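Nothing here was measured: the structure is a model prediction, and the numbers come from that model.
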Amino acid sequence: MELGIVRADKPSADVGTYEQLKRGLFSVRSRNIVGLALGATVLSACNVPTFGAFRGATTQGQNEFHLWQGFLVTAVFVAAITFGVLFYAVIRFRRRGDGIPRQSHSNVKWELIYTIVPVLIVIGLFAATFVSENQIDAVSSHPALRVTVVGFQWGWKFEYPGGVTVIPKGSVYPTLELPEGETTTIKLVSTDVVHGFYIPAFNFSRYALPGVTNYFDFTPTKIGQFSGKCSQFCGLYHAEMLFNVNVVSPGEFSSWLTSQQQKVTA
Amino acid sequence: MTQAISTSVEPVRGGIRFNKPTMLGVGTMVWLGSELMFFSGLFAAYYSIRANATGPWPLGGIKLDVLQSGIFTVVLVLSSFSMQKAVFDLEHDRRASARLWIVITMVMGFAFLGNQLYEWTHVAFSPSTNAFGSLFFLMTGLHGLHVFLGLVAMAFLLIRIAGRSKDPGLLPVMQSISYYWHFVDIVWIVLYATIFLVH
Amino acid sequence: MTVIEEELSTYPGGEAHHEEQPKGLLLWLTSTDHKIIGKNYMYTSLVFFIIAGAMAMLIRTQLFAPNNHFVSPQTYNELFTIHGSMMLYLFAGPFAFGGFANYILPLQIGAPDMAFPRLNALSYWLYLTGGISMLLGFLTASGAAAFGWVSYAPLSSATNSPGAGPDLWIVSIMLVGFSGIFTAVNLVTTTIYLRAPGMTMFRLPIFVWNMLVTAILILIAFPVLTAALIMLYADRHLGTHIYSVAGGGMPVLWQNLFWFFGHPEVYILALPFFGIVTEVIPVFSRKPVFGYKGLVFSSLSIAGLSTGVWAHHMFTTGTVLLPFFSAMSLLIAVPTGIKIFTWIGTMWGGQVEYKAPMLFAVGFIVIFVMGGITGVLLASPPIDFATHDTYFVVAHFHQVLLGTTVFAGFAGFFYWYPKFTGRMYREGMAKIQFWLAFIGSFITFIPQYLLGLKGMPRRIAEYLPADHYTTLNQISTIGAYMMGLAFATWIVNIWISWRRPIPASGNPWDGHTLEWATDSPPSHHNFEKLPPVRSARPVWDMNHPEYADHKSSHSAENAKSEETR
């Protein structure tokens, strides 16, 4: 009767039984099987097109990107077969006269094939998903930085250590500063309604839910400016609930943070 | 299943059958399936909020009179038996007796509702006190509404029994109301256990 | 119609309990005839379809340019909320389940009417009242509901969405829900009790099977939504704390309850249309359904799985068991895939004729396969993290829902149009409508997939020039206008058929199932005489005795095994 809810009021790494279950399921042997599926995916990363998606500017986002590529290759393969068979039937069997065709009702062999093959594909996709989602969802116990993100109608507040707070000022959207190559744990909350903390270039979004605290990690791999948005509809000015992400070198980041902390104490 | 269903191919409209459910009976049972899901939704809300609660349950140190509600739970359970007695009577065309037992059922039903009303006005919390208060009033209220609608249906049933003597539609209606009444009764037992006993 | 007189059995029941009917408007208002109620449902739902479609045109116009002020953000939010609510609650479900099922199901099983005709009429009036309530929201001071068709708590609370518009929305959905539940009770009881002699469960047309499964899903899903809506209403007006953090309630509870309804709802919308397509394809291929039992099994397993996949809408809440819901959601692709291959298998080796119904059916398969495959991507939580609540999702579910409710829906509409009206539609115009809608749908939704991948969130009233969404949005809007044109063509087609009728015979398509064994439109009590039912295709057996199903070895075995059981 719990509606499948796992309470997320602490980092998921601490949710004991579930973690043990994951580890138990993913013993060395099953890892090898999955490795095959994943191996093909990862190897293909250089040659396979992006299919319109972001490559991911964090290690977590890149992980998702490779999974995306694997899924898309499978999707193209499945679509090609399905459409091939369909269009062949559409053209080949169009009506040519008044004859009555053979009244075939079923063909057990083919029915088994088109049941079992999709099941196998699904098992492969699930295995790849399972590995990827555990890595993306993992929360470091010793991150380099902890930032609290607060969603409210209609803006974002970023809270850094030492009382440094960034909020929207007038028509200027707030900027989330992150150090490149280091892991930042984000603590995400909402003060009013449900918001969606979404950074397209990071291939990641998470709800800011009232009454629930969410934790997740970013490890940026690219220096640069990225745009952030609210993805979950949150009322009148949902479209204007924007923010920026600025990934800088760790040195630049710490000098920025120090200068901000001095402003707070001053 | 195929066989059981396909034996009844000819339309039966209001025909009395003792050995298998009538069309109205089947319809009622199918509908009660949806009622079951309705109460499941409420129970899902109750247990989710309870699992999410920090601190002791019920919230805010609320105390309920387990004994008094328990007595009226017994009354409601007994009313299911009196209702079934009325069904048996009508199946054997003992109309006077059937009417008597329906009246007894209704008296017990109203007693249950009366107690419900007493509780609502005498508990030390309201729907807006906290989530437990909200759930208490919503769940007992929605169940009470079902009890009340059952009593209204029985009132119409009494009028219909007093009507013409050859009424092929009467028994299916009687049976269907009894299915409903038993269902409402069972829901209450689970509801009582959930709200009053399991803390 | 070639009918072998001595093979027809007289029709049981029917005449006895139908009296003289009133005429004209009074007939439409008071009738308990399933055919009239079915038509009422169909016309009403198509009116809602046109209104909601017009709203889609306004939405697409607003998104044509960055920072556009064609409508205000408040109006935009109302438009997409009511567009979605109307399409899902007032068009897609009632069109198939109230319209087609009501009209066709009793005919296909050889019944004189539904099990509870008056309850059936009540369903329709509840539905109409609910639909009007939703539209009335636009006339209130605060405007219509503006929290999306999913109405997430606490955005839907009294503080965040004050006014009568949201209340009307809640009442509207409740009324439509009751209407659906009563229709479901009626359809299940009718299918159990009123089948013609010889119509065993495994001789039911797949359309009937799918409606039966849909009815069961409605009975499972809608009551939970009703409970959730009652609690929402209480939170808004009685001061309860079910969905508010303040009093110990849970906002995320709404999402769980809503999606426990909402995902089965997707299949409640899809399965009836799968049933329609499964009627159309065999008739226009001159073959029986390929893999009948596989289709029944796949419908049942879709229903079973659909009650365990709701939280795939909630992957990004961080509060659900990802592996379980991901596995269940991926798995549901298997029975859906089975259906697609049985449809292709039905065409295989056949004599396929591309009249409008068949054209729409094939168009449905193409669009649905695309929408289905992108759905499999979204069943993977990491990919969902990247695309959740973006236009990628918008494109996915529009392809799925447009493919089923509109393409399969119009396949059914044109297929049974002669049966409903006794008239033919204009084939050429129907084909123009198909190609405009088919090509238009790709021009609309392929750019939306790309917009989603570029990070455009759904439900935003405006975007910035710097986002570089402009070109793709403009292409998408042009596609949407093309689809608008397609449905204008359809209205003209129906108008011509009304003004200059071409009469249709009882069985213009060489149909397979019992509805083609009676006049077009059928008389008040449906059948004069009923052909014997010895297979799933009684009318085909009657018209093509040398190819009759019950004479082929395969179904002979079936018949034998059924007798010995």
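- Residue C:Phe290 touches chain A through both its backbone and its side chain, counting heavy-atom pairs closer than 4.5 Å.
- Looking only at distances, no side-chain donor or acceptor of A:His238 sits under 3.5 Å from a matching main-chain atom of C:Ala461.
- Residues C:Tyr152 and A:Tyr207 form a side-chain contact, since some pair of their non-hydrogen atoms from C-beta on lies under 4.5 Å apart.
- Of the listed residues (C:Val334, C:Leu464, C:Leu450, C:Leu331), the greatest number of heavy-atom pairs within a distance under 4.5 Å of chain A belongs to C:Val334.
- In this structure, the separation between CG on C:Leu295 and CD on A:Glu111 is 8.5 Å, given to the nearest 0.5 Å.
- Both the backbone and the side chain of C:Leu377 come within contact range of chain A, with heavy atoms under 4.5 Å apart.
- Comparing C:Thr342, C:Val362, C:Thr374 by heavy-atom pairs within less than 4.5 Å of chain A, the highest count is held by C:Thr342.
- Across C:Arg286 and A:Asp98, no two heavy atoms sit closer than the pair NH1-O, 3.2 Å.
- Chain C forms more heavy-atom pairs under 4.5 Å with one residue of A:Ala201, A:Gly61, A:Ser104 than with any other, namely A:Ser104.
- Only the backbone of C:Ala153 comes within contact range of chain A, with at least one heavy atom under 4.5 Å from a heavy atom of that chain.
- Interface remark: A:Phe197 contributes no atoms to any contact with chain C (heavy atom separation under 4.5 Å).
- Among the candidates C:Ser298, C:Ser72, C:Pro251, C:Gly249, the residue making the largest number of heavy-atom pairs closer than 4.5 Å to chain A is C:Pro251.
- Only the side chain of A:Leu209 comes within less than 4.5 Å of a heavy atom in chain C; its backbone stays farther off.
- Between chain C and the options A:Asn107, A:Ile199, A:Thr50, heavy-atom pairs under 4.5 Å are most frequent for A:Asn107.
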Stepwise side-chain hydrogen bond (donor to acceptor under 3.5 Å, both in side chains) test for C:His388 and A:Tyr198: CA-CA 9 Å; C:His388 185 77; A:Tyr198 178 37; over 6 Å; no
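- If you measure heavy-atom distances from C:Phe80 to chain A, the contacts under 4.5 Å come from the side chain alone.
- By the neighbour-count criterion of 12 heavy atoms within 6.0 Å, atom CZ of A:Phe87 is densely surrounded, having more than that number from other residues, nucleotides or ligands.
- When C:Pro381, C:Pro73, C:Gly349 are compared by the number of non-hydrogen pairs under 4.5 Å with chain A, C:Gly349 comes out ahead.
- Taking a 6.0 Å sphere around CZ of A:Phe93, one finds it holds more than 12 heavy atoms contributed by other residues, nucleotides or ligands.
- Using a 4.5 Å cut-off between heavy atoms, C:Phe341 touches chain A through backbone and side chain atoms alike.
- Scanning all heavy atoms of the two residues, the minimum distance from C:Ile383 to A:Glu64 falls at CA-OE2, 3.3 Å.
- Contact of the A:Ile100 side chain with the C:Gln351 side chain is not registered, since no non-hydrogen atoms from C-beta on lie closer than 4.5 Å.
- Using a 4.5 Å heavy-atom cutoff, the side chains of A:Tyr88 and C:Ile344 are not in contact.
- C:Ala327 touches chain A through backbone and side chain together, each having a heavy atom under 4.5 Å away.
- Interface residue C:Leu330: backbone and side-chain heavy atoms are both found under 4.5 Å from chain A.
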Chi angles and distances behind the side chain to side chain contact (heavy atoms under 4.5 Å, CB included) call for C:Leu155, A:Val194: CA-CA 7 Å; C:Leu155 183 62; A:Val194 186; over 6 Å; no
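- C:Ser380 and A:Thr129 make their closest contact through OG-OG1, 3.0 Å (heavy atoms, listed as atom of the first residue, atom of the second, distance).
- Listed options C:Val366, C:Val245, C:Ile365 were ranked by heavy-atom pairs under 4.5 angstrom with chain A; first place goes to C:Val366.
- Residue with the most contacts toward chain A among C:Trp343, C:Tyr292, C:Tyr469: C:Tyr469 (heavy-atom pairs, distance under 4.5 Å).
- If you measure heavy-atom distances from A:Arg102 to chain C, the contacts under 4.5 Å come from the backbone alone.
- With a 4.5 Å cut-off on side-chain heavy atoms, A:Asn203 and C:Phe385 do not count as touching.
- Using a 4.5 Å cut-off between heavy atoms, C:Trp540 touches chain A through its side chain atoms alone.
- Within a 6.0 Å radius of OH in A:Tyr237, other residues, nucleotides and ligands contribute 12 heavy atoms or fewer.
- For the set A:Arg96, A:Gln232, A:Gln60, A:Arg92, the entry with the most heavy-atom pairs within less than 4.5 Å of chain C is A:Gln232.
- The two residues C:Phe284 and A:Arg95 come nearest to each other via the heavy atoms O-NH2, 3.3 Å.
- Residues A:Asp192 and C:Pro154 form no side-chain contact, since every pair of their non-hydrogen atoms from C-beta on lies 4.5 Å or further apart.
- If you measure heavy-atom distances from C:Thr390 to chain A, the contacts under 4.5 Å come from the side chain alone.
- Of the atoms belonging to C:Val289, it is backbone heavy atoms, and not side-chain ones, that fall under 4.5 Å from chain A.
- Interface summary for chain C: among A:Gly211, A:Cys234, A:Ser205, the most heavy-atom pairs under 4.5 angstrom belong to A:Ser205.
- With respect to chain C, the highest number of heavy-atom pairs below 4.5 Å among A:Leu86, A:Val78, A:Val117, A:Asn63 belongs to A:Leu86.
- Side-chain contact check for C:Pro335 versus A:Thr115: every heavy-atom pair is 4.5 Å or farther apart.
- Side-chain contact between C:Asp384 and A:Glu133 is absent, with no heavy-atom pair separated by less than 4.5 Å.
- Contact count versus chain C (heavy atoms, under 4.5 Å) is highest, among A:Pro200, A:Ala75, A:Pro210, A:Pro118, for A:Pro210.
- Residues C:Thr317 and A:Arg206 come closest through the heavy atom pair C-CD, 4.2 Å.
- Of the two parts of C:Phe392, only the side chain, counted from C-beta on, holds a non-hydrogen atom closer than 4.5 Å to a non-hydrogen atom of chain A.
- In this structure, A:Ala239 and C:Glu462 approach most closely via the heavy-atom pair CB-O, 3.6 Å.
- Proximity to chain A (any heavy atom under 4.5 Å) is restricted, for C:Ser285, to the backbone atoms N, CA, C and O.
- Heavy atoms of C:Val352 lying under 4.5 Å from chain A belong to its backbone as well as its side chain.
- Among C:Asp389, C:Thr387, C:Thr316, the one residue that satisfies the side chain to side chain contact (heavy atoms under 4.5 Å, CB included) test with A:Ser231 is C:Asp389.
- Side-chain contact between C:Pro323 and A:Phe126 is present, with heavy atoms from C-beta onward closer than 4.5 Å.
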CA sep, side-chain torsions, deciding dist, call: A:Gln153, C:Asn160, side chain to side chain contact (heavy atoms under 4.5 Å, CB included): CA-CA 10 Å; A:Gln153 280 178 323; C:Asn160 293 311; 3.6 Å; yes
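- Interatomic distance, C:Ser535 OG to A:His105 NE2, rounded to the nearest 0.5 Å: 7.5 Å.
- When heavy atoms are compared at a cutoff of 4.5 Å, A:Ile123 does not approach chain C at all.
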Trace of the side chain to side chain contact (heavy atoms under 4.5 Å, CB included) decision for A:Phe51 with C:Leu453: CA-CA 9 Å; A:Phe51 297 104; C:Leu453 294 174; 5.5 Å; no
